[in-house]
Amino acid sequence: QGGDFAAHASVNDGSDFSGSIHHRANRDLETGLTLGWSAATNNTNFNFGAKYNYSDDTNVRVKVSNQSQVGLSLQQKLKDGVSVTLSALVDAKNFSAGGHRVGLAVEFEQ
C-alpha cells in the first residue's frame with residue numbers, strides 16, 4: 001500500500017486466485033480494478049469501478065464487469081444524517097432479456 005494506491009492479492013484453496021488495485025487519483029476521483037481466476041473451472045472475471053465526488057453532498061459510482069454488467073449509482077446527502085441512493089444494474093449482454101435491477105435506499109444516521 002502506497003500513499004494513494006492499495007493492492008491486495010489472495011489464494012483460496014490453492015485454486016481460486018484474486019487481486020485488486022485501488023487508486024485515489026485525487027480528492028474527488030477513486031478507481032478500482034479486481035481480477036479473479038479459478039483453476040478448477042478456468043473462469044476469469046474482472047471488474048472496473050470508479051467513484052466521483054461531484055460535490056460534498058453528491059457522488060456518482062459506476063462499475064463494469066467482464067460479464068457486461070454495468071452498475072450505476074447516485075448518492076445525494078439531503079441533510080446531516082440523511083442520504084438517498086438511486087442505483088441500477090444493467091445486463092448489457094442480454095439487454096432485451098430483462099432481469100435488470102433498480103434500487104432506492106434512504107439512509108438515516110445518528
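Predicted model only: the values in this text are computed from it and were never measured.
Within the 4.5 Å cutoff, no side-chain heavy atoms of E107 are placed close to those of T85.
Between S83 and Q75, the shortest heavy-atom contact is OG-NE2, 3.8 Å. The heavy-atom pair separating V90 from H100 by the smallest distance is CA-ND1, 3.6 Å. Here the shortest heavy-atom pairing between N45 and N66 reads CA-OD1, 3.4 Å. Among all heavy-atom pairs drawn from D16 and S38, the shortest one is OD1-OG, 2.9 Å.
Taken together through direct or relayed side-chain contacts under 4.5 Å among Ile, Leu, Val, Met, Phe, Trp and Tyr, V102 and L89 form parts of separate hydrophobic clusters. Linking Ile, Leu, Val, Met, Phe, Trp and Tyr residues whenever their side-chain heavy atoms come within less than 4.5 Å places F108 and L104 in a single cluster. Both V82 and V84 belong to a common hydrophobic cluster when Ile, Leu, Val, Met, Phe, Trp and Tyr are linked at side-chain heavy-atom distances under 4.5 angstrom.
Of the inter-residue distances, the one linking K77 atom NZ with S55 atom OG reads 10.0 Å to the nearest 0.5 angstrom. Here the CG atom belonging to L29 is positioned 11.5 Å from the CG atom belonging to N59, to the nearest 0.5 angstrom. Rounding to the nearest 0.5 Å places OH of Y52 at 8.0 Å from CG of N26. Atom CG of L72 is separated from atom CG of L86 by 11.0 Å, given to the nearest 0.5 angstrom. The CG atom of L35 sits 8.0 Å away from the CZ atom of F46 when rounded to the nearest 0.5 Å.
Other members of the cluster containing W37 are V11, F17, with ILVMFWY side chains joined at under 4.5 Å, either directly or via other members.
Judged by distance alone, with hydrogens and angles left aside, the side-chain atoms of N47 form no donor-acceptor pair with the main-chain N or O of T34 at under 3.5 Å.
Scored by the side chain to side chain contact (heavy atoms under 4.5 Å, CB included) test, E30 finds H22, R24, K51 as partners (sequence neighbours excluded).
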